Colleague: 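I'd like to ask some things about the structure below.
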Amino acid sequence: MEHITPIKEIDSIKDDFTIKVRIIHLWTQKSKFNAKETYSIEMILMDEEGRKIHASCVKKWFPKFKRYLKEDSSIYVKKPNVAPNTLNFKFANPERKLNFYHDTTVKECENFSGSAHGFDFVDFNTIVSNNILESKSFDIIGHIFEYGRMDTSEEDKSKHKMLLHLQDIEDTKLKVTLWGHNAYYMTEFLANNNSLAPVVVIVQFARVKFINGRPFSSTYFDVSRLFINNDIDEITSYKNKLVSENGQQLSSSGIKMIASKQNTEHDDFLKNHMFSNIDDLFEPLEEKTVIIVGTVKGISQNIRWFYLACSNCYKSAKEKESSTDKVDGSHEVAEIVTYECSNPNCKNTKISVIPRFKIPLRVQDNTGTLTLTLFDQEAKKLFKYTAKELYDKNKKLGISLDLYPMELKVVVDKKLAIKIDITSYNVDNKSNIYGIARLTENANIIDELEKKNLNSQPDNSDSFIIGSSDIASQETKVVKDSFSHIGENLTPCARDNSTATSPTKLFSTPTELKRNLATCIDLDEMENLSTSKTPRLSPPDEQPIPLLVPKKEKHIMKSFNSKKSRKLNSFYLDNISNINLSTISIEQASTTTNVITSANNDQSKEIVHQNENVNPYKSRGKQNSPLQSSSLYINVRTPLSNISNVNVTCRNASTITASSSSIKLSTGCHKLKRKLKDLSPIPLIDLTTDVENIHEVLTDNLIVGISKEYLDHGDQIVVCKTCHAKLWKNESIRGKQKGNTNYSLCCGYGKVQLPDLKKPPPNYEKMFRLTDSKSKNFMKNIRRYNSMFSFTSMGGKIDSSINKGNAPYIFRLGGQNYHSIGSLLPPDGSQPKFSQLYIYDTENENSNRQKCFGGEKHQSTSIDNDIIEYLKVMLDSNNVLVRSYRMVRDVFQKNPQVDVKLRIIGKRDRDGRTYNLPTASEVAALIVGDISDSVQNRDIVVQTKSGFLQRISELHPSYLPLQYPLLFPYGDDGYSVDILHRGVTSTKNKRAKCTMREFFAFRIQDRDHSFSLILNSKRLFQQFLVDAYTMIESERLYYIRRQQHVLRCDSYENLRNQKAQGNTNISNIGQRVILPSSFTGGVRYMLQNYLDAMSLCKWFGYPDLFITFTCNPKWPEVKRFLKDTSLQPEDRPDILCRLFKIKLDAFIKDLRENHIFGIIQAVVYTIEFQKRGLPHSHICLFMHSEYKLPTVEFIDPVISAEIPNRDEDPELYSLVNEFMIHGPCGAENINCPCMVDGKCSKNFPKQFCNHTSVDQNGFPLYRRRNDGHFVEKSGVHLDNRNVVPYNKYLLRRYQAHINVEWCNQGSSIKYLFKYINKGPDRATVVVEQSNNECDNNDTVDEINEYYDCRYPSACEASWRIFTYDAHYRYPSVVRLPFHLPGQQQIIYGEDDDIDDVLDKTSVASSMFTAWMECNAVNSDARKLTYVEFPTKFVWQRGDRIWKPREVRNHLKKSAQ
């Protein structure tokens, strides 16, 4: 027999091994798609040494292995797949798990010599003293001394349970809960073996749980195994010890039934406690337990419907925040949220939390209405979902957790019998705040209670009205919200002892009214209004009495895309008809509401705004005009009466108007509902005006996503307190801890301090803002106008070929970019250009500018002479650089033969943090004759006639204003290396100066109360961004090039040999570092990321899904941002990138944390930019083994390639039509970008296919049925053959082009990883020399090669300026070098002394050699291979040693 590998020696890298094991337990796992279908067989395997490991076999391989897979059988397993064990609760080896696949071989074993069951017992004292991990299974043995009855209250049999009290040899007692089939097994055993004693029980694979901080043991689904008095050695030995300890046989009399502590439901409600009315509970006088019967009329939504509880004791948990460095290799800070239990008796300091119900119900009988808190235990009787299921669903869909789930509405209108405990707290504090101790829907119990107490409950249509006479005679008292001390939770409650309908004193305190009742009362939507008290109509001279009854949920229906929906019946009131019109009073309405008064249909309406304590909603759109009205009718309530003109929060609590009743609307004006996920304020609309116009008003005021499930990230509501930049909320929480008032994106957490740009001349600013013909011409040709007045020329190659057709304009630049300036005068016979136009032939200046930059054919149509003249005058009046050149002009006019040089000064004496507007004398100086010694290196000296162009340094403060005079009309300084960080007074500080990237990131922010010419310059802004990024990149590459003459790289052994030979000059030894892998975008950078991605593939196997996520410039957030401007999405590439980053982060979070496709083991993505400039991401997902799509049958529920039925799902149809249709291309559109050699390069249209399959190359062929569905694009009908594969949920949620592909074959992996890491298109050749070649013979300049192949667009420039990740991977990868002895690479300077280099302690030690040293002294290290080492140890770079690490999710990669 071949070599047998013990379980402890299983290597996750090697799969060619054989293990000899016994199957000690086996169970089946159901499919997540079909609960009736078995997905896999799960096993616990044990080798002869007693070590265990978890193994799985999915359904696909059942026929191959099923006959060998039997409990207690012994088998040989060859070549199983080894994967990480990612289960939260682990039954065996915590690190690894085995999977049976097509390469695995299983044979029977007849000579297994190990233990039969492999018990791993834990004594009871270890458990009760809380010294065992909650995430690890264990075995227990003990004998029963008490047991309880089977609890079968749940419908699901797996949730039936039984309680045992076990005792061990040392008389330590432990509670054990048996679930499901184990509980039935125990019940049957005890029923059939009454005389058997003692009853010894073994629970294998048990887990520890906690109640109120006290631990107990529990079985775990089908995993746990139960042994009861079995004839096995362990039980026999235990019995013998038990008898010897007690001296005699134990009898069955020692086992007794646990007395039930809970009365039967019938006795509890009808016999044990007295009945009470709600009115009697308002002022509790004594401690007691009472029963009430009431109808749930609503849910108070002013507090959350859940609380986060400690999973150990179910007491409330407190959130704690901390931060740590991210483990993905970035410099960002990751926020970590932990929790601590509020229960001092709970010993677990690090806990997990679970949502539990805490729902304030408005319960009403015929004496009043009261808020009662429904907690988790009783809530399970009313809802089919647990709090955790609803919590996870809201979180997955991106719905605010503050919004009450629609599933909770089932409780409204239910009639319940409720048990309430009046405690000492209620009596001592006169508090009418109660929790529900027990409830029942049992109709027989409720009927008997009502008959017994003669208190019938109101029907669902009943409500209560109190006339003014009743108000005068009735004492009304409002109790402010207090908080319940029941069950660790807080419950607000208001006292309202007359069904919340005694408003005289309520309206005298409007703030308290809103606080106490706003979230629980609303319009009673019934035809017939009745009450137990006869209502009295108000006299004409009295104020109308409001009707306040428990609220019902409303929804706002949106159907904006269809013309058919442009009717008023898209707004309706439920169940309202034939109700008399009446009027409304607004005199007492001092609450924060808008009140609408109504009149006849032939009369106009008026909206009266009551704005006390109101924060008005600031919309970018136009405000609605007030409507006309007259108050001729009584008690009118319109559909918009409770629309508040306040900032909308995520708690959907309606406000209360001063008067509310019912209204009969005209036909088609019914059913106004409020949709929970629509958090935008509803525009105030006149419902009696032209019906057709209502749709238009709504579409102007509500810019929302097509899908109801769309994840909207809102608007820029966060303002940096330091620099006043406006950010999205998701941007503000990125990086440091919450609570900061300054942020990384704008000012580097307050480090960057720059002066504001001076406000532009008013008339000039209007050209950017207005939409008249002159302004339109200026903005359309702004790049041309800027070139006419710029002083410098750009050295990069502008790619104009990309802007063919009618697509949005994109600025893309190729090659190395720089700015050049010519001499003061053009050479003889040449036309003046750029700065020369300010000096030469100024009498014909305007025409000269047109000739240079406008062209003859454009003069009559594109260029406006008036605009040129205005710009010339404006710059002459304001720009200090223009004044300097005009000064030179004046000199030449006086003496044409004079030799004058213009020195543009590069150093500023004033602080660049507060000053950026130099005078003419500070920015330039004339030099007559020879250049003086005062000229510094950074100064620009412009000759009179040089005949050549002079390159300007990017570090010159006038670099930007010389190129962009229209963006810097005053000649404001740009970036300078002398700008210090905020608060820094000395350059000795580390990173004391503002970097160029920080400068531009600060300048391209929208800020409150300021107008930026840069951000509103449309096409010129695109050019500015690309120019800014090339400046940043040029500075970095210049530093690298400068270091080429300094840095050298050679092996440790070579340097020692050189020293031994007596060679102390090491300037010519070693090879140069050309373009290092740390430079983003370089060829080595791409190669390293490719190898990192392949390491993930090596560790986790093939990726399962390949997703392409593309930015959508029509996202609702973008539309809202640009709503009141003349800008188009392409005019703000910075905003597109910022929103795409927000969406991408949410997308990855959905995949990793919300488990849209299941548990994700690893994810890799790269960012690329289309030829049209938009960012998109290629994402590879590595799924957990339990969530893989092993066969094509699992693909269709996840990936669709078909057009949905337009009638059945119009929303999805619209999304597919908008984002997921390819073409038309081919013969219908031969000019389509995808066409290559007359064929579609993407192979569209595909073929019809009735079933999903895989072709011979491993690529999927998705189901594309010929079902007749089509969309129309450019007059061409496109069917399922032109659909790009997509996921329905992702498409609805993110409303963008999201291509989802399945990948499972090895032949596609190399393509995928090359595709995901290919980066920008380039053709860089790397030539490396051997160590003995002369460095001066380099034939390839990698930096120039990089320049030549770069074509950055404005979006890419924005992405890089904001330092967003170009590549992302999770988990992180540790790069492990290995080498021969003495061959580790050493970096040194060419001027370094060889002795100093070799004497450094760090050069003789590498990660590889330090690993060997650690193995020599650490026994745990010897258990790990080099590749496994980073999972348990961390490399300390400073000390050059490996140290044991805290467990984090790291991977590793070997690299030579």
Side-chain angles (χ1 to χ4, degrees), residues 2-21 45-55 77-86 90-98 113-115 118 120 133 135-136 327 1052-1053 1091-1092 1095-1096 1098-1100 1161 1371-1385 1401-1456:
E2 60 185 283
H3 175 70
I4 301 299
T5 301
I7 289 178
K8 67 179 181 180
E9 297 180 7
I10 290 178
D11 190 342
S12 59
I13 305 301
K14 300 177 182 178
D15 59 359
D16 189 11
F17 61 88
T18 302
I19 58 175
K20 180 180 178 182
V21 293
L45 308 181
M46 181 185 68
D47 64 9
E48 291 179 321
E49 296 179 359
R51 297 183 181 273
K52 306 182 190 70
I53 193 168
H54 184 193
V77 184
K78 182 178 181 181
K79 296 183 70 174
N81 175 267
V82 183
N85 187 354
T86 58
K90 297 178 174 60
F91 324 119
N93 187 315
E95 300 296 334
R96 300 181 182 89
K97 178 183 175 183
L98 300 182
S113 59
S115 169
D120 184 15
L133 293 176
S135 60
K136 185 179 179 181
V327 298
Y1052 179 68
E1053 185 178 18
L1091 294 175
D1092 289 346
S1095 296
L1096 293 175
K1098 179 181 179 182
W1099 185 264
F1100 293 111
Q1161 289 184 308
S1372 60
V1373 176
V1374 178
R1375 297 169 182 170
L1376 300 177
F1378 62 93
H1379 51 80
L1380 294 174
Q1383 294 297 317
Q1384 63 267 34
Q1385 296 294 305
T1401 56
S1402 61
V1403 300
S1405 177
S1406 67
M1407 296 176 73
F1408 188 53
T1409 57
W1411 168 69
M1412 294 181 178
E1413 295 169 0
C1414 187
N1415 274 272
V1417 298
N1418 191 314
S1419 59
D1420 292 334
R1422 291 193 289 271
K1423 299 177 183 178
L1424 302 171
T1425 65
Y1426 187 38
V1427 176
E1428 296 172 329
F1429 211 65
T1431 61
K1432 302 296 183 182
F1433 291 80
V1434 62
W1435 174 249
Q1436 300 289 333
R1437 185 182 298 272
D1439 298 331
R1440 311 293 290 180
I1441 59 173
W1442 289 94
K1443 288 186 177 180
R1445 70 156 65 241
E1446 294 182 3
V1447 178
R1448 286 185 179 180
N1449 199 3
H1450 273 263
L1451 288 186
K1452 47 272 168 194
K1453 172 172 69 71
S1454 296
Q1456 187 170 5

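Just so we're clear, the structure is a prediction, and the values are computed from it rather than from any experiment.
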Colleague: Find the distance between CG (Asp1420) and NZ (Lys1432) and round it off to the nearest 0.5 Å.
Modeller: 9.5 Å
Colleague: For Pro1444, give me all partners under side chain to side chain contact (heavy atoms under 4.5 Å, CB included), at least two apart in sequence or on another chain.
Modeller: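 Checked Pro1444 against side chain to side chain contact (heavy atoms under 4.5 Å, CB included); matches are Phe1433.
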Colleague: Pair Glu1428, Arg1422 - check salt bridge (charged side-chain N to carboxylate O under 4.0 Å, His left out), show working.
Modeller: CA-CA 11 Å; Glu1428 296 172 329; Arg1422 291 193 289 271; over 6 Å; no
Colleague: Salt bridge or not for Arg1375 and Asp1092, using N-O below 4.0 Å?
Modeller: yes
Colleague: Quick one: pull up CD in Glu9 and CG in Asp47 and give me the separation to the nearest 0.5 Å.
Modeller: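 Here the rounded value is 10.0 Å.
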Colleague: Rounded to the nearest 0.5 Å, how far apart are NZ of Lys8 and CD1 of Ile10?
Modeller: 12.0 Å
Colleague: How long is the span from the CG atom in Asn85 to the NZ atom in Lys90, to the nearest 0.5 Å?
Modeller: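 So the CG of Asn85 and the NZ of Lys90 are separated by 5.0 Å.
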Colleague: Using side-chain heavy atoms (C-beta onward) and a distance below 4.5 Å, is Asn1415 in contact with Glu1413?
Modeller: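 Counting from C-beta outward, Asn1415 and Glu1413 never come under 4.5 Å.
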Colleague: Which residues pass the salt bridge (charged side-chain N to carboxylate O under 4.0 Å, His left out) test with Lys78, not counting sequence neighbours?
Modeller: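 With neighbours one apart ignored, the set is Glu2.
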Colleague: Return yes when atom CZ of Arg51 has more than 12 non-hydrogen atoms of other residues, nucleotides or ligands closer than 6.0 Å, and no otherwise.
Modeller: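 No.
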Colleague: Is any side-chain heavy atom of Phe1408 less than 4.5 Å from a side-chain heavy atom of Leu1376?
Modeller: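 No, too far: nothing below the 4.5 Å cut-off.
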Colleague: Rounded to the nearest 0.5 Å, how far does CD1 of Ile7 lie from CG of Leu98?
Modeller: 7.5 Å
Colleague: Counting only N and O atoms by type, is there a donor-acceptor contact under 3.5 Å from the side chain of Gln1436 to the main-chain atoms of Trp1442?
Modeller: no
Colleague: Looking at CG of Asn81 and NZ of Lys97, how far apart are the two atoms once the value is rounded to the nearest 0.5 Å?
Modeller: 10.5 Å
